[in-house]
Amino acid sequence: GVPLFVLGNGTNLLISDRGIRGVVLQLARDLARAEALEGTEPPVIEAGAGTKLAALIKKATRLGWTGLEVFAGIPGTIGGAVRMNAGARLGETRDVLIEADVVLSDGSLTTLSLEALDMRYRQTAVPEGSVVVRARLQCTDGDADAMRRHVQEHLDHRAQTQPLDLPSCGSTFRNPDGDHAGRLIEAAGLKGYRVGDVQVSEKHANFVVNLGAATADDVRRMLEHMQATVAEKFGVKLVREVHLAGDWSHWEETA
């Protein structure tokens, strides 16, 4: 009867200043490792949901596991990647996912195929109340040296174009069909817009950064201001990529 919240690496997450009421579960140890299954060629990688994508990419570049470049630069975990079909310039989770093991709300363990997960842009049909515990990923028969170059080029591009030196919730809004959220926000005159210690990044308008003492409420007010401004100027309703977690029961009173 106690509410359960599963925490990955905190990517794309805004937790209320009031915190989370209930149990917070973070997968670790055996559920934070990635290994190639024996007898598979190209390798099939079995990765626990707590495996950090940065660690997986580091291991992939060392061992020549090609195809996993889709995870380069994403500061999350395998579980989070499956839940939201995480991706970037090099692809999405669904490009390499074979299947995922999921513990359902009744405690039973099941395996969901890629088709059953119905992965779309930044969303996956994971059953309500379930926990992703493992995933199997298909590597490709690619060139390992080319893979390493692609990963490094992507990481360099990310460092040049994103505010990695400041705290943020990552990419803030999903890209609307045929456009980019960052372009719309910048065109609305919001790039660099600041209220207190929360700011629309001067480096990339689809990032909201904490300059020191911003609260979760401050950040949420900024997100809503960005949505309202873009809707007013362009008639486009931006959809949050950032997930809200914790106790927001006070929000309607102060919004």
Result of checking Glu92, Arg94, Arg83 against Met119 for side-chain contact (heavy atoms from CB on, under 4.5 Å):
Arg94
Counting only heavy atoms not in His180, do more than 12 sit closer than 6.0 Å to its NE2 atom?
no
Donor-acceptor pair, side chain of Asn9 and main chain of Pro75, under 3.5 angstrom
yes
Check the pair Leu13, Leu7 against side-chain contact (heavy atoms from CB on, under 4.5 Å), reporting the backbone distance first and the verdict last.
CA-CA 9 Å; Leu13 192 66; Leu7 178 68; 3.5 Å; yes
Which heavy atom of Leu27 sits nearest to which heavy atom of Ala49, and what is that distance?
CD1-CB, 3.5 Å
Roughly how far, to the nearest 0.5 Å, is the CG atom of Asn206 from the CG atom of Asn175?
6.5 Å
Please find the pair of heavy atoms, one from Ser171 and one from Phe207, that lie closest to each other, and give the distance.
N-CE2, 3.7 Å
Crowding at CZ, Arg120 (>12 non-hydrogen neighbours, <6.0 Å):
no
Atom OG1 of Thr140 and atom CG of Leu68: how far apart are they, to the nearest 0.5 Å?
8.0 Å
Verify same cluster id: Phe234, Tyr193 (apolar side-chain graph, 4.5 Å):
yes
Leu238 vs Ile185, test: side-chain contact (heavy atoms from CB on, under 4.5 Å). Steps then yes/no.
CA-CA 9 Å; Leu238 294 177; Ile185 296 165; 3.9 Å; yes
Between His154 and Ala72 (side chain of the first, backbone of the second, donor and acceptor by atom type, cut-off under 3.5 Å), is there such a pair?
yes
Contact list for residues 190-210, test salt bridge (Lys or Arg N to Asp or Glu O under 4.0 Å), sequence neighbours left out
Glu186-Lys191, Arg194-Asp197
Is it the case that one hydrophobic cluster holds both Leu244 and Val6, taking links as side-chain heavy atoms less than 4.5 Å apart, direct or via other members?
no
Determine whether a donor-acceptor pair (N or O, by modelled atom type, separation under 3.5 Å) exists between the side chain of Thr93 and the backbone of Val82.
no
Can you find a pair of side-chain heavy atoms, one from Asp179 and one from Val236, that are under 4.5 Å apart?
no
Between Ile98 and Ile45, is there a shared hydrophobic cluster once you connect ILVMFWY residues whose side-chain heavy atoms come closer than 4.5 Å?
no
Compute whether any side-chain donor of one residue and acceptor of the other, for Asp156 and Gln160, lie under 3.5 angstrom apart.
no
Counting only N and O atoms by type, is there a donor-acceptor contact under 3.5 Å from the side chain of Ser105 to the main-chain atoms of Gly129?
no
Would you name the heavy atoms of Gly79 and Val132 that are closest together and state the gap between them?
CA-CG1, 4.2 Å
Carefully, step by step, assess Phe71 and Val96 under the rule side-chain contact (heavy atoms from CB on, under 4.5 Å).
CA-CA 10 Å; Phe71 299 126; Val96 296; 3.9 Å; yes
Close side-chain approach of Pro176 and Arg174, heavy atoms under 4.5 Å:
no
Whether the Asp106 and Ser108 side chains hold a donor-acceptor pair (N or O, under 3.5 Å, no angle test) is what I'd like checked.
yes
Please assess Val2 against Leu4 for the test side-chain contact (heavy atoms from CB on, under 4.5 Å), listing each intermediate value before the final yes or no.
CA-CA 6 Å; Val2 179; Leu4 174 67; over 6 Å; no
Going through the distances and angles, do Lys59 and Glu35 end up as a salt bridge (charged side-chain N to carboxylate O under 4.0 Å, His left out)?
CA-CA 9 Å; Lys59 190 169 187 176; Glu35 300 293 341; 3.2 Å; yes
Should Leu109 and Asp101 count as side-chain neighbours, where that means a heavy-atom distance under 4.5 Å?
yes
Would you indicate whether the side-chain heavy atoms of Met226 and Val200 approach each other to under 4.5 Å?
yes
Compare every heavy atom of Arg136 with every heavy atom of Val44, then report the nearest pair and how far apart it is.
CG1-CB, 4.1 Å
Looking only at side-chain N and O atoms, does Thr124 offer a donor or acceptor that is under 3.5 Å from a partner on Asn85?
no
Under the criterion salt bridge (charged side-chain N to carboxylate O under 4.0 Å, His left out), I'd like the reasoning laid out for Arg220 against Asp217: C-alpha separation, chi angles, the key distance, then a yes or no.
CA-CA 5 Å; Arg220 185 167 178 182; Asp217 278 4; over 6 Å; no
Of all heavy-atom pairs linking Cys169 and Val242, the shortest is CB-CG2, 3.6 Å
Is the backbone of Arg33 close enough, under 3.5 Å, to the side chain of Thr51 for a donor and an acceptor to pair up by distance?
yes
Provide the closest heavy-atom pair for Ala144 versus Gly64 in the form atom of the first, atom of the second, distance.
CB-CA, 4.0 Å
Output for pair (Glu69 CD, Gln152 CD), nearest 0.5 Å, gives 13.0 Å
Does some side-chain heavy atom of Arg149 sit less than 4.5 Å from a side-chain heavy atom of Asp145?
yes
Could you identify which residues cluster with Val209, counting Ile, Leu, Val, Met, Phe, Trp and Tyr as linked when any side-chain heavy atoms lie under 4.5 Å apart, either directly or through a chain of such contacts?
Leu166, Leu211
What is the distance from atom CD1 of Ile57 to atom CE of Met147, rounded to the nearest 0.5 Å?
7.5 Å
Between Val103 and Leu31, is there shared hydrophobic-cluster membership here, with clusters defined by ILVMFWY side-chain heavy atoms closer than 4.5 Å?
yes
Under 4.5 Å between side-chain heavy atoms, counting indirect links through other Ile/Leu/Val/Met/Phe/Trp/Tyr residues: same cluster for Val126 and Tyr121 or not?
no
Does Glu46 reach the main-chain N or O of Ala34 with its side chain, forming a donor-acceptor pair under 3.5 Å?
no
Between Ser16 and Asp247 (side chain of the first, backbone of the second, donor and acceptor by atom type, cut-off under 3.5 Å), is there such a pair?
yes
Between Trp248 and His250, how do the two ring planes meet: parallel, tilted or perpendicular, split at 30° and 60°?
parallel
Within this structure, what is the CD1-CG distance for the pair Ile78 and Leu137, rounded to the nearest 0.5 Å?
5.0 Å
For the side-chain contact (heavy atoms from CB on, under 4.5 Å) test, which of Arg122, Arg240, Met84 pairs with Asn12?
Met84
In the structure I gave you, are the side-chain heavy atoms of Ile20 and Ile15 within less than 4.5 Å of one another anywhere?
yes
So, taking the atom named OG1 in Thr215 and the one named CG in Asp17, what distance separates them when rounded to the nearest 0.5 Å?
4.5 Å
